[in-house]
Each structure stands twice: as structure tokens, then as C-alpha cells.
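Working notes for the structure below.
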Protein chains: 2
Amino acid sequence: MMQQDPLELEKMIRDANLRPTKQRIALAELLFADGNRHITAERLHGEAMEAGVTVSLATIYNNLHQFTSAGLLREVVVDSSRSYFDTNVSAHHHFFHEETGMLEDIPDSALNVDSIPSLPEGTEISSVDVIVRVSNIRS
Amino acid sequence: MMQQDPLELEKMIRDANLRPTKQRIALAELLFADGNRHITAERLHGEAMEAGVTVSLATIYNNLHQFTSAGLLREVVVDSSRSYFDTNVSAHHHFFHEETGMLEDIPDSALNVDSIPSLPEGTEISSVDVIVRVSNIRS
DNA sequence: TTTCTTCTTTAGAAACATTCTAATCTATTG
DNA sequence: CAATAGATTAGAATGTTTCTAAAGAAGAAA
């Protein structure tokens with residue numbers, strides 16, 4: 001995404017039918033200014049604090065979900081205790097570092113999933129998520 | 001797995017260096033007697049109650065984790081608010097029904113993941129998890 | 001069997017992430 | 001500017017999971 005310009009961000013927010021409030025713009029900057037990010041609510045809250053923006057946790061959650069509904073973010077489920085949000089919404093997969101809890105993109109082109117078996121009756125694919133869990137080699 | 005015989009179950013528990021207590025045996029029966037299952041702690045607790053076995057939730061969690069460490073169960077991460085435990089510990093993947101929260105196995109042979117890109121420096125694969133999220137076709 | 005040790009279970013408290021509530025505040029529109 | 005619809009917030013509430021400390025059960029040794 002890589003949206004540096006505040007005006008672009010504001011347009012993006014408006015296009016999502018959301019009002020460009022101080023908090024929302026600040027969060028959008030933190031999320032989208034520096035390119036692809038994988039972030040938890042708690043960490044985004046911390047970054048907002050550091051940046052001198054007072055935002056409540058409730059607002060962090062509200063906005064993460066609103067951005068996700070608008071297709072600006074994608075939720076990645078890798079950890080049963082925390083939610084990660086990914087600013088890269090195009091097709092791709094993930095490495096998950098078990099020790100650090102860090103996520104890393106795997107380009108869609110770098111991995112191939114095929115011969116998906118027949119789907120359960122009456123269902124359609126919503127997404128295919130591949131998570132390659134990696135850990136440090138212990139010597 | 002499909003372990004019907006109580007004696008087999010007891011052996012399985014002993015082989016995992018665990019004591020065959022009343023609660024542990026009852027949980028093992030619920031988990032392993034009827035073949036492949038995908039279950040949450042809460043649901044296992046409910047089933048134990050129904051079966052007339054009094055087990056605390058703490059014990060449910062203790063045992064699910066101990067069985068997992070022993071390789072008798074595998075934790076499947078598909079939902080950021082709940083943990084699922086799978087009695088099928090051999091290589092395979094999952095369909096996840098978004099509406100019902102139900103999990104369904106995809107045999108390893110029915111799905112192929114290839115050309116996994118070079119791993120991050122100093123790491124090794126711990127597992128490759130494919131989750132095909134499906135939802136009911138809305139007409 | 002009796003005793004000793006180690007492992008288990010448990011109730012309840014605590015921790016943690018997330019959602020809800022209802023009041024206040026802000027952006028937008030007329 | 002006034003009215004309204006949307007946004008933010010503190011704090012309470014929820015839901016899952018873990019922790020604590022005490023009491024109970026299993027295994028080993030004599």
C-alpha cells in the first residue's frame with residue numbers, strides 16, 4: 001500500500017465511508033505509511049502512545065475492524081491468544097516465527113497450493129491460508 | 001487413532017509418562033474412542049459433564065496440553081478466540097466452516113503445497129498448516 | 001500394608017485479549 | 001449555527017486460558 005501522503009490517507013478513509021478523525025488518521029499513518037506491516041492491537045496502541053497520540057484501546061479495536069471490513073487490512077490467525085492485522089491485503093501467505101511471534105510474508109508466487117479437494121457440500125472458498133511455522137535451529 | 005479398549009487407553013497414557021487417573025482416562029475415552037475429533041476445551045468439558053464425569057476446567061486444560069506435548073493431540077489454530085485440539089496427529093490440513101466453527105480434515109494426499117521458498121536464515125520448518133476457510137454459498 | 005514422594009485435581013482467583021455500554025465529543029450537512 | 005449521524009472514551013463486562021495453593025490419588029520402597 002505505502003501511503004505516505006496525509007491527503008491520500010484521508011481519501012482512503014473517506015472512500016471507506018469513514019470520517020477522517022484525528023485518531024483514525026494517526027492510526028492509518030502508523031499502519032500504512034511504512035509499507036507492509038503485521039501488527040497486533042496492543043502494539044499499535046503502544047506505537048500510537050509513543051507517537052504522542054492518545055487513543056483508547058477500544059478505538060484501536062474499532063478501527064482495526066473497520067479497516068478490515070473496508071478491505072484495507074486483513075486479519076491473520078496464527079496465534080490463539082492474539083489477533084494480527086496485515087496491511088498487505090493481496091494474495092500471499094506467511095512464515096510465523098514461533099519464538100518471536102513475528103510474521104513474514106511469503107509471496108503468492110513463491111508457494112503453490114494445488115489439487116484442493118472437493119469442497120464440503122454447499123460451500124465456497126472464502127480463503128486459503130498457508131502458515132509455515134518456523135523455529136530457530138537448535139544446535 | 002481409534003482406541004476403544006480401556007486397557008489400550010491406559011497403556012497409551014502410561015506410555016506418555018502420565019498416570020492413568022479417573023479423569024484422565026475418561027477424557028482419553030471421549031477424545032480417542034470415536035476416531036478423529038476436533039474439539040475445544042469448553043466442549044470437552046461439556047461432554048465430560050454429560051458423561052457423568054466431574055472434571056474441572058483446569059484439568060481439561062492440563063490434560064489437553066499434556067496430551068499435546070506427548071504427541072497424542074495436535075493444536076489447530078483457526079480462530080483467534082478459541083483453541084481446537086485434533087486427535088489426528090498425522091500430516092493433513094483443514095477445512096474451517098466459518099459459520100459453524102466446525103473443522104474438517106483434508107487428507108494430506110488431497111492437497112499439495114510446493115515450492116516453499118527459502119526459509120528465513122537460521123530457521124527450520126516446524127509445520128506447514130493449510131486452512132481452507134469455507135462459508136455457505138449465499139444465493 | 002504403611003509410609004513417603006511425586007503427580008493430579010481442584011476451586012477460585014488472576015490474567016489477558018477483546019467487546020460492550022452509555023456518555024461525551026466531533027465531523028458533516030442543511 | 002443547529003441538527004444529526006458517527007466517533008471516541010473510560011470503565012465495566014465477557015470469555016478463554018493460566019495460576020495458586022491446598023487437598024487428594026497413584027506409584028515406589030520397605
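Since the model is a prediction, treat every value here as computed from it, not as a measurement. Note on naming: letters A, B, ... go to the chains in the order of the sequence lines (proteins, then strands), and numbering restarts at 1 for each one.
In this structure, A/H92 and A/H38 have tilted ring planes: the angle between them lies in the 30° to 60° band.
Of all heavy-atom pairs between A/I125 and B/V134, the closest is CA-CG1, 4.3 Å.
At least one side-chain heavy atom of B/L57 sits under 4.5 Å from a side-chain heavy atom of B/E42. Contact annotation: the side chain of A/L73 approaches that of A/F32 to within less than 4.5 Å [non-hydrogen atoms, C-beta and beyond].
Comparing A/Q66 and B/E10 by the nucleotide of DNA chain D whose heavy atom lies nearest to each, the residue mapping closer to the 5' end is A/Q66. Comparing B/S80 and B/I60 by the nucleotide of DNA chain C whose heavy atom lies nearest to each, the residue mapping closer to the 5' end is B/I60.
A side-chain donor from one of B/S83 and B/E75 sits under 3.5 Å from a side-chain acceptor of the other. In summary, the side chains of B/N88 and B/D86 do not present any donor paired with an acceptor at a separation below 3.5 Å, with no hydrogens or angles considered. Side-chain contact, A/S135 with B/S126: no donor N or O sits under 3.5 Å from an acceptor N or O.
Atom CD1 in B/I13 sits about 17 Å away from atom P in D/dA25, given to the nearest Å. Whole-Å rounding puts the B/H45 NE2 to D/dG15 C1' distance at 15 Å. Atom CG in B/N63 sits about 15 Å away from atom C1' in D/dT18, given to the nearest Å. Atom CD1 of B/I25 is separated from atom C1' of C/dT8 by 13 Å (rounded to the nearest Å). Rounded to whole Å, the distance from OH on B/Y84 to P on D/dT16 is 11 Å. If you measure from atom CZ of A/R14 to atom P of C/dT28, you get 5 Å, rounded to the nearest angstrom.
A donor-acceptor contact shorter than 3.5 Å is absent between the side chain of A/Q66 and the backbone of A/L18.
Residue B/M49 places its CE atom among more than 12 non-hydrogen atoms of other residues, nucleotides or ligands, all under 6.0 Å distant. Other residues, nucleotides and ligands contribute only 12 or fewer heavy atoms inside 6.0 Å of the CD atom of A/E121.
Residue B/R82 places none of its side-chain N or O atoms closer than 4.0 Å to OP1 or OP2 of D/dT17. In this structure, A/R24 reaches the D/dT8 phosphate: one of its side-chain N or O atoms is under 4.0 Å from OP1 or OP2. Contact annotation: A/Y61 side-chain N/O to C/dT18 OP1/OP2 distance is under 4.0 Å. For C/dT18, one of the phosphate oxygens OP1 or OP2 lies less than 4.0 angstrom from a side-chain nitrogen or oxygen of A/S83.
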Assess the residue pair A/H93 and A/D129 against the criterion (side-chain hydrogen bond (donor to acceptor under 3.5 Å, both in side chains)); give the C-alpha distance rounded to whole Å, side-chain angles, the decisive distance to 0.1 Å, and a yes or no. CA-CA 6 Å; A/H93 302 289; A/D129 302 340; 5.7 Å; no
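Clustering ILVMFWY residues whenever any of their side-chain heavy atoms sit less than 4.5 angstrom apart, transitively, puts B/I60 in a cluster other than the one holding B/V76.
In this structure, B/T40 reaches neither bases nor backbone, as no heavy-atom distance under 4.0 Å exists between it and the strands shown. Base contact: B/N62 has a heavy atom under 4.0 Å from a base atom. A/D79 comes within contact range of no nucleotide atom at all, as no heavy-atom separation falls under 4.0 Å.
Within a heavy-atom distance below 4.0 Å of DNA chain C, the residues of residues 15-22 of chain A found are A/R19, A/P20. Taking every heavy atom of residues 52-59 of chain A and every atom of DNA chain D, pairs under 4.0 Å involve A/T54, A/V55, A/S56, A/A58, A/T59, by number.
Axis angle, first five pairs versus last five pairs of the helix from C/dT1-D/dA30 to C/dG30-D/dC1: 20°, rounded to 10°.
Here C/dT10 is the nucleotide among C/dT18, C/dT19, C/dT10 with the atom lying nearest to any side-chain atom of B/Q23.
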